[in-house]
Amino acid sequence: MLSKLPVRVDLRRLILLLSIVVAVATLANALYSAYKVQKQQLIDSTVEANRVYAAKLSVSVEQFFNTAQQQVSYSARLLGAKNYDHELATLEAERLKLQTDSFNSVTMVDAEGYVIAVSPATVRIKGAKLVSPGAVEALRERRPLISKPYVSAVGNLVVIVSSPVFSESGRYLGYVGGAIHLKQKNILHDLIGVHFYRDESYVYVVDSDRVIVYHPDQERIGVVENNAVVDKVVSGADGGATVVNSLGVEMLAGYAPIKSVGWGIVSQQSSRKALVPVETLIYQTLFGVLPVAVLGVLGVFWLSGFISRPLRQLADCARTMEASESVRKITNVRSWYFESAQIKRALLQGLMLMQDRIGRLNREVQTDPMTGLLNRRALSGVLDYLCSGVRPFSVVTLDIDHFKKVNDTYGHDIGDLVLVKLSEIIKSCSREGDYSCRLGGEEFLVVLPDVPLIAAVEFAERLRNTVANSTIDVVGSITVSLGVAHWPGSANEISDVLKIADEEMYRAKQQGRNRVSVRQLVSAV
Ligand SMILES: Nc1nc2c(ncn2[C@@H]2O[C@H](COP(=O)(O)OP(=O)(O)OP(=O)(O)O)[C@@H](O)[C@H]2O)c(=O)[nH]1
């Protein structure tokens with residue numbers, strides 16, 4: 001299937017691609033894993049930090065209410081001892097208001113609910129009868145109380161911290177009440193609202209009816225909040241959780257109850273904001289790794305070239321195996337690793353084998369199988385080679401005399417032996433560089449490069465003598481007739497020279513056989 005791809009990818013690109021894919025996959029996996037772990041750790045630690053913060057605030061608010069309760073109780077005891085004297089009540093209201101920032105206003109109320117004294121005086125309710133839920137509850141319960149939040153007679157969302165006033169004889173005289181305005185500045189407000197994290201975290205407080213009594217967004221105060229965290233905190237539990245707020249934003253929240261008033265504190269931060277450090281860390285890691293990754297890619301690019309080079313060179317060599325310098329080129333390839341060395345060795349062996357085969361085939365194609373002499377095809381190649389180099393040469397043709405009689409007398413096999421024996425004699429008389437051929441039947445030819453005609457005639461005579469004086473098994477002796485010609489002495493055309501040598505050989509036959517015949521030269525050689 002891969003081979004059907006329109007583009008063939010080379011090894012270098014393949015290694016590079018593979019390395020990049022592996023590096024990117026590894027990096028992405030590492031970053032993703034790190035992100036997941038860090039994210040979970042950060043979520044856990046943020047939720048835990050919010051839980052601790054909510055718990056701490058809960059303790060502080062609890063202490064604040066205790067202190068506030070103690071303050072109004074002290075005044076109530078003091079005024080009870082003095083039979084709720086109105087003048088003293090006015091002074092005590094002033095003192096209580098000015099001494100601390102716990103209350104936005106302080107009221108001294110008699111047993112019928114009429115206001116005896118109020119501080120600050122700007123709250124114009126002195127002499128008025130209070131019918132607010134906080135006042136009614138305080139008059140009814142006649143015990144230290146922290147009211148539920150309610151909207152006061154003058155329109156403030158308030159909580160009343162009250163303590164009953166009893167005379168020394170135990171008669172109920174009224175109560176001392178400190179009003180905490182939930183939407184205005186006071187100690188409680190500062191306690192909950194001022195904190196020093198700059199991470200967009202915030203705190204809100206709900207009462208036992210899930211009504212928000214404190215929220216940095218004043219618009220939300222008085223609104224009923226319903227979510228899983230509020231459910232838990234109003235049931236008196238503390239802990240931490242991931243929760244979606246009323247705006248649909250995922251928040252990491254910690255919560256703790258304020259048991260004395262049945263309230264709950266929720267401290268929370270948006271997940272998105274909390275996770276910014278992880279995202280920053282991942283980007284920093286990515287940018288930190290990037291230069292190394294680029295260097296790595298360059299390194300792999302260089303290395304892949306180094307790996308693919310021997311294979312590419314060997315492939316080039318394999319494409320031009322017939323070239324004469326193939327062996328040298330293959331030998332020069334630096335196969336520095338196992339596989340390329342194996343391929344190089346196999347190529348060299350293949351090349352040797354091929355050249356050996358070609359050599360053998362060439363020899364077989366150009367050789368007469370019976371005598372081992374060159375055949376007619378080889379002769380034509382030799383003559384072309386000599387002509388192209390303009391090297392003069394002589395040719396000697398020879399033919400066995402009365403060979404038919406040998407065949408007829410001793411049989412064809414003995415005739416073949418005679419042909420082989422004659423070939424050996426021709427080879428023994430020739431020098432290295434001479435070309436001995438069997439043209440067919442009992443007809444032979446010897447090409448003598450750079451040999452003038454006279455020397456060729458001498459060679460022919462020597463050959464004739466040697467044949468005549470040799471003894472061949474079974475047959476005894478034979479004789480040969482020879483014709484000699486020269487190129488370019490005898491003719492300009494090679495074919496003419498061969499023809500002349502042939503004609504001379506027949507002339508020798510006609511003149512009685514066992515002799516050498518040579519044509520008069522057309523030019524001196
Ligand atoms: N044993 C054997 N005989 C061959 C071969 N090729 C040709 N001959 C025989 O060589 C003989 C050649 O005979 P001819 O051409 O008549 O000539 P010759 O008998 O040698 O007589 P001259 O050439 O005139 O002296 C024939 O009998 C061929 O059959 C061969 O390969 N082996």
Side-chain angles (χ1 to χ4, degrees), residues 360-383 393-430 434-448 451 453 456-487 490-491 494-520:
R360 203 170 331 133
L361 279 175
N362 269 338
R363 274 196 300 282
E364 279 173 12
V365 164
Q366 299 194 350
T367 307
D368 171 49
M370 187 167 73
T371 60
L373 298 186
L374 298 178
N375 60 18
R376 196 177 280 276
R377 182 184 287 120
L379 172 66
S380 121
V382 167
L383 294 177
F393 59 89
S394 292
V395 287
V396 176
T397 55
L398 61 145
D399 188 284
I400 301 172
D401 298 334
H402 301 303
F403 187 54
K404 185 172 182 309
K405 209 183 285 177
V406 174
N407 274 333
D408 293 349
T409 311
Y410 302 105
H412 214 265
D413 288 347
I414 297 297
D416 283 353
L417 280 177
V418 170
L419 292 174
V420 172
K421 181 66 185 171
L422 177 61
S423 307
E424 287 169 5
I425 294 170
I426 293 171
K427 272 189 255 181
S428 69
C429 289
S430 307
D434 294 343
Y435 300 96
S436 308
C437 315
R438 182 184 171 216
L439 300 182
E442 82 306 8
E443 219 180 300
F444 294 83
L445 183 145
V446 183
V447 179
L448 307 164
V451 172
L453 189 67
V457 171
E458 283 170 9
F459 165 77
E461 272 300 339
R462 194 168 64 248
L463 182 56
R464 186 192 63 75
N465 257 321
T466 310
V467 172
N469 293 327
S470 299
T471 306
I472 300 171
D473 288 346
V474 184
V475 176
S477 65
I478 58 165
T479 60
V480 290
S481 299
L482 306 96
V484 184
H486 183 268
W487 182 82
S490 302
I494 301 272
S495 55
D496 290 345
V497 172
L498 294 182
K499 213 168 126 198
I500 290 168
D502 224 29
E503 286 170 4
E504 289 309 312
M505 192 261 292
Y506 280 108
R507 193 193 305 278
K509 292 261 185 196
Q510 284 162 7
Q511 288 175 356
R513 297 187 172 80
N514 190 22
R515 67 192 59 222
V516 175
S517 177
V518 58
R519 174 86 56 96
Q520 199 68 36

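Every number for a ligand or one of its atoms is a count from 1 in the order of the listing. Computed over heavy atoms, backbone and side chain alike; hydrogens, waters and symmetry mates excluded. In this text, all values refer to a predicted model and were calculated from it rather than measured experimentally.
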Met370 and Asp416: which non-hydrogen atoms are nearest, and at how many Å? SD-CG, 3.5 Å
Protein heavy atom at shortest distance from atom 27 (O) of ligand 1: Lys404 CG, 3.4 Å
Tell me: protein heavy atom nearest atom 18 (P) of ligand 1, and distance? Phe403 N, 3.5 Å
Taking atom NZ of Lys499 as the centre, does the number of heavy atoms from other residues, nucleotides or ligands within less than 6.0 Å exceed 12? no
So which heavy atom on Leu373 is nearest to which on Arg438, and how close? CB-N, 4.0 Å
Could you report the tightest heavy-atom contact between Ala456 and Val396, atom names first, then the distance? O-CG2, 4.0 Å
Honestly, for Leu419 the part within reach of ligand 1 (heavy atoms, under 4.0 Å) is side chain
Select one of side chain, backbone, both or neither to describe which atoms of Gln510 lie under 4.0 Å from any atom of ligand 1, heavy atoms only. neither
Using distance alone, with no hydrogens and no angle criterion, decide if Ser481 and Asp399 have a side-chain donor and acceptor under 3.5 Å apart. no
Test side chain to side chain contact (heavy atoms under 4.5 Å, CB included) applied to Glu443 and Asp502, step by step: CA-CA 10 Å; Glu443 219 180 300; Asp502 224 29; 3.7 Å; yes
Decide, yes or no, whether a salt bridge links Arg507 with Glu504 under the criterion of side-chain N to carboxylate O below 4.0 Å. yes
If the cut-off is 4.0 Å to any non-hydrogen atom of Gly441, which atoms of ligand 1 fall inside it? 6 (N), 7 (C)
Check ligand 1 against Arg438 and write out every atom of the ligand that is under 4.0 Å from a heavy-atom position of the residue. 30 (C), 31 (O)
Among all protein heavy atoms, pick out the one at the shortest distance from atom 29 (O) of ligand 1; state its residue, atom name and that distance to 0.1 Å. Asn407 ND2, 4.0 Å
A student checking ligand 1 against Asp401 at a 4.0 Å heavy-atom cut-off should list atoms 25 (O)
Which of the numbered atoms in ligand 1 are below 4.0 angstrom from a heavy atom of Asp399? 23 (O)
Please check whether Ile400 reaches ligand 1 - meaning an N/O of the residue sits under 3.5 Å from an N/O of the ligand, judged on distance alone. yes
As an exercise, identify every atom of ligand 1 less than 4.0 angstrom from a heavy atom of Gly415. 1 (N)
Passing option when Ile426 is tested against Ser428, Ser423, Cys429, Ser430 for side-chain contact (heavy atoms from CB on, under 4.5 Å): Ser430
Heavy-atom distance to atom 15 (O) of ligand 1: which of His402, Arg513, Glu442 wins? Glu442
Quick one, Leu383 and Val497 - any side-chain contact, counting heavy atoms below 4.5 Å? no
Can you tell me which residue and heavy atom of the protein come closest to atom 22 (P) of ligand 1, and the distance to 0.1 Å? Lys509 NZ, 3.4 Å
Please state which part of Asp416 comes within less than 4.0 Å of ligand 1, counting heavy atoms only: side chain, backbone, both or neither. both
